[in-house]
Amino acid sequence: MAHDAAVEAALTGRDSSARRAGSLAWRILLPTLTLVAIVLLWWLATIVFGWEEFVVPTPGDVWSELSAQRQELPHHFWTTLVETLQGFGLAIVIALPVAVAIAYSRVLEATFYPALVALNAIPKIAIAPILVIWMGFGSGPKVTMVVLVCFFPIVLSTATGLKSTPPEFVDLVRSLSASQLQQFVRVRFPAALPYVFVGLKVAISLAVIGAVVGEFVGATEGLGYLIVASGQNANTSLAFAAIVLLSLMSIALFYLLVLLERVLVPWALAEQR
Amino acid sequence: MSSQPTAISVEHVSQVFRSRRVRLHALDDISLEIRENEFITLVGRSGCGKSTLLRIIAGLLPATSGEVRIGDRRVTGTRADVSLMFQRSALLPWRNVLQNVLLPAQILGLDRRASRKRAEELLALAGLEGFESRRPHELSGGMQQRVALCRALIHDPAVLLMDEPFAALDALTREELSLELQRIWSEDKKTIVFVTHSIQEAILLADRIVIMSPRPGRIARVLEVRAPRPRSLGVTEHAGELNRLSAELHELLLAKELHPD
């Protein structure tokens with residue numbers, strides 16, 4: 001009997017580690033090629049159109065700026081990274097309980113959901129100067145900006161996940177007379193995790209943008225500040241260098257989350273296959 | 001068999017679903033006595049209320065009127081001595097086979113070591129030895145339902161309620177699991193109420209077949225199956241009786257008077 005089942009598992013191709021290893025190479029190779037192609041096109045365009053360095057620098061200009069400023073850049077990079085992570089973490093801490101409240105209570109959902117939607121509709125960049133008035137020139141307004149942009153996608157996806165528990169799971173735990181807490185811990189929350197990660201992955205990219213927007217106003221450090229400052233000096237190469245670093249930060253954070261998702265909810269990926 | 005005490009008694013149960021516009025009379029005055037360790041199959045066409053009746057017995061749905069008693073206690077909600085199995089296995093994908101089987105024991109706070117031992121015995125009984133650490137998505141549909149059956153039995157419930165548990169499986173797997181369920185049931189007796197719309201399944205498994213008619217859901221007939229176990233669809237000395245029952249069931253389920261429209 002057990003043997004039959006093992007044969008069946010093999011025949012249905014449910015164990016395809018070889019195929020997975022092959023696709024991993026593709027997943028690294030193909031995006032790298034895309035990136036190289038974009039850089040080459042950019043370089044070609046600067047040659048063909050003969051733009052001045054202060055209009056569009058060549059990849060070479062940006063590279064020499066990156067190496068020339070290698071004493072300064074890590075500090076700004078670090079500042080922005082810390083603001084991003086603090087805001088992102090704070091957003092998770094606030095968003096998860098709100099999502100639970102919305103998912104579990106129709107009254108709370110009806111009360112707060114429209115307000116959340118309205119809050120999310122406010123163009124965040126418009127509040128940046130106000131945040132500086134309220135909180136000063138430190139990291140406060142930047143972190144707050146990150147929280148504001150991250151909050152909504154996390155709440156939305158988590159609440160959706162908590163409300164999408166498969167009905168047979170609900171019947172199962174109900175038939176065992178499980179308490180609400182047991183239902184939440186054993187079934188509802190784990191079942192919602194794939195949804196939570198969708199929200200987190202959207203939010204982490206927004207988080208970096210939020211930090212930069214925060215640094216556009218009343219900042220003295222950070223990559224966003226660097227972009228504004230270099231614009232005033234027409235040092236476009238430096239602005240590009242900052243943008244390159246921001247992209248790298250955003251990509252790295254995103255894939256860290258993907259990695260975390262693999263570790264925490266491997267079953268979700270396996271089920272999709 | 002008739003000397004066995006009553007395990008489940010359904011007394012004048014009616015169920016009416018009301019929404020803003022519709023009033024659906026799902027069950028009308030259902031009464032049924034089920035003996036201890038009896039295997040009952042509920043058959044009927046879609047919409048005859050068989051799943052609704054099962055949910056009422058399970059305590060997942062309060063009846064509009066009438067009452068259900070299991071043992072000597074009235075059903076007012078879900079309870080530990082009643083276990084459920086569904087068409088979908090409802091295995092938690094983040095748990096492996098063993099952890100899935102142990103879920104009810106954890107929720108009910110049963111002794112860990114004893115539960116683990118029982119889980120291993122049940123898995124062996126269901127032919128799943130060696131699959132303890134597999135994840136549900138690595139198993140075929142038939143194996144998933146075996147795991148779900150082990151989970152339903154882990155806390156040794158008195159009553160097992162099964163809602164078309166093999167309906168999503170292919171015909172051969174289905175028959176194989178029917179045989180296996182008979183075998184497991186004979187080694188670990190339970191009172192079973194098994195909802196199906198497969199005539200073959202109803203005959204293979206049941207001590208008594210309860211045939212329901214729709215709109216509103218009523219019990220149309222109760223047939224007794226006396227053929228000895230284990231029963232199979234292959235040619236056996238009691239094939240004659242099973243064929244006769246099958247013909248009778250076909251006629252009943254397709255009869256005009258049971259389906260006025």
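Remember, it's a predicted structure, so these values are computed and weren't measured experimentally. Every chain is numbered from 1 and lettered A, B, ... according to where its sequence line falls, protein lines coming before strand lines.
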In terms of heavy-atom contacts, does [atom1] of [X] have more than 12 from other residues, nucleotides or ligands at under 6.0 Å?
{"X": "B/R116", "atom1": "CZ", "value": "no"}
{"X": "B/E121", "atom1": "CD", "value": "yes"}
{"X": "A/F112", "atom1": "CZ", "value": "no"}
{"X": "B/R88", "atom1": "CZ", "value": "no"}

What part of A/V265 lies closer than 4.5 angstrom to a heavy atom of chain B: side chain, backbone, both or neither?
neither
Counting only heavy atoms closer than 4.5 Å, note whether A/P166 contacts chain B via side chain, backbone, both or neither.
neither
Heavy-atom side-chain contact between B/L92 and A/R186 under 4.5 Å
no
For residues A/P167 and B/F86, determine if any side-chain heavy atom of one lies less than 4.5 Å from a side-chain heavy atom of the other.
no
Select one option (side chain, backbone, both, neither) describing which atoms of B/R95 are under 4.5 Å from chain A's heavy atoms.
side chain
Please classify the contact between B/L108 and chain A as side chain, backbone, both or neither, with a heavy-atom cut-off of under 4.5 Å.
side chain
Please round to the nearest 0.5 Å and tell me the distance separating atom [atom1] of [X] and atom [atom2] of [Y].
{"X": "B/Q106", "Y": "A/L176", "atom1": "CD", "atom2": "CG", "value": "11.0 Å"}
{"X": "A/E168", "Y": "B/L84", "atom1": "CD", "atom2": "CG", "value": "12.5 Å"}
{"X": "A/W267", "Y": "B/L91", "atom1": "CH2", "atom2": "CG", "value": "13.0 Å"}

Among B/R79, B/R135, B/Q87, single out the residue with the greatest number of heavy-atom pairs under 4.5 Å to chain A.
B/R79
Would you name the heavy atoms of [X] and [Y] that are closest together and state the gap between them?
{"X": "B/P93", "Y": "A/F169", "answer": "CD-CZ, 3.8 Å"}
{"X": "A/A178", "Y": "B/I107", "answer": "CB-CG2, 3.6 Å"}
{"X": "B/L60", "Y": "A/S175", "answer": "CD2-N, 4.2 Å"}
{"X": "A/S177", "Y": "B/T78", "answer": "OG-OG1, 2.8 Å"}

